[in-house]
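Presented below is the structure to which this report refers.
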Amino acid sequence: PIMPVLDTITIIVPTYKRYGFLLRLFKYYDEFNLLTKFIILDATPEQPNDKELLKFLSKKNVIWERFQPNVMFWDRIVACSELISTKYVALCADDDFIIPSGMEKCIDVLESNNEYASACGLFFIHTSTEKALRNGFSIHPLYENRSPRSPEEQDSALDRVTDYFSGKTA
């Protein structure tokens, strides 16, 4: 089934020498038939040679931007910002997955709360420590007991994000 609300979001995926992870990410999202736009920020010096990956990279909902390896992560994001045409943006590492229903819930929260600058679902990580391997696969939340914060006293959501990233608020 196609998730129509997810046509309002662009998923930005930075990658560097990890085409196997990128292919896995595309296969994951392909299962959902998403209308989501993807922008791939690729600083890998070599061209991919996997035909399946190249097929995904050539889809009409995928923008594949190549960068020199010395272009820093944040500079790649700034360079692609003009390519974003959707109302919302998500940043997803090439070895991560954002669950589509979680993206939908975040969009619902933002649609219902214009004073919010961002929304974030739960993070789950798995560990492969010796103890975890002895006890089986371990999955746990990255952040626990996180409740929504009320908006600060600023004029706009953009002001709050700008202040946060400039270090004015913590």
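We use all heavy atoms of the structure for the numbers below, so side chains are in, but hydrogens, waters and symmetry mates are not.
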Qualifying residues under side-chain hydrogen bond (donor to acceptor under 3.5 Å, both in side chains), relative to [X], sequence neighbours excluded:
X: D96; answer: none
X: R24; answer: none
X: E111; answer: K87, Y88
X: T86; answer: T10

Shared ILVMFWY cluster between [X] and [Y], side chains joined below 4.5 angstrom?
X: V78; Y: V71; result: no
X: I77; Y: Y16; result: no
X: I39; Y: W74; result: yes
X: F21; Y: W64; result: no

Are the side chains of [X] and [Y] in touch, meaning some heavy atoms are under 4.5 Å apart?
X: P48; Y: L54; value: yes
X: T15; Y: I40; value: yes
X: I12; Y: C80; value: yes
X: I98; Y: Y28; value: no
X: S101; Y: F32; value: no
X: I107; Y: T8; value: yes
X: Q68; Y: P45; value: no
X: D42; Y: E65; value: no

Taken to the nearest 0.5 Å, the spacing of L53 CG from K27 NZ works out to 10.0 Å
How many angstroms lie between CG in L25 and CZ in R18, if you round to the nearest 0.5 Å?
11.0 Å
N49 atom CG: more than 12 heavy-atom contacts under 6.0 Å
no
Enumerate the residue pairs fulfilling ring pair (Phe, Tyr, Trp, His ring centres under 6.0 Å) with a member in residues 34-63, sequence neighbours excluded, ordered by first and then second residue.
F26-F38, F26-F56, Y29-F38
What salt bridge (Lys or Arg N to Asp or Glu O under 4.0 Å) pairs are there with at least one residue in residues 53-64, not counting sequence neighbours?
D30-K59
Measure across [X] and [Y] and return the closest heavy-atom pair with its distance rounded to 0.1 Å.
X: C92; Y: P14; answer: O-CD, 3.5 Å
X: V13; Y: A93; answer: CG1-C, 4.3 Å
X: E46; Y: Y19; answer: O-OH, 3.1 Å

For the side chain of D94 and the backbone of L22, is there at least one donor-acceptor N/O pair under 3.5 Å apart?
no
Does the side-chain contact (heavy atoms from CB on, under 4.5 Å) test come out yes or no for M103 and I11, once each step is laid out?
CA-CA 10 Å; M103 283 189 280; I11 300 175; 3.8 Å; yes
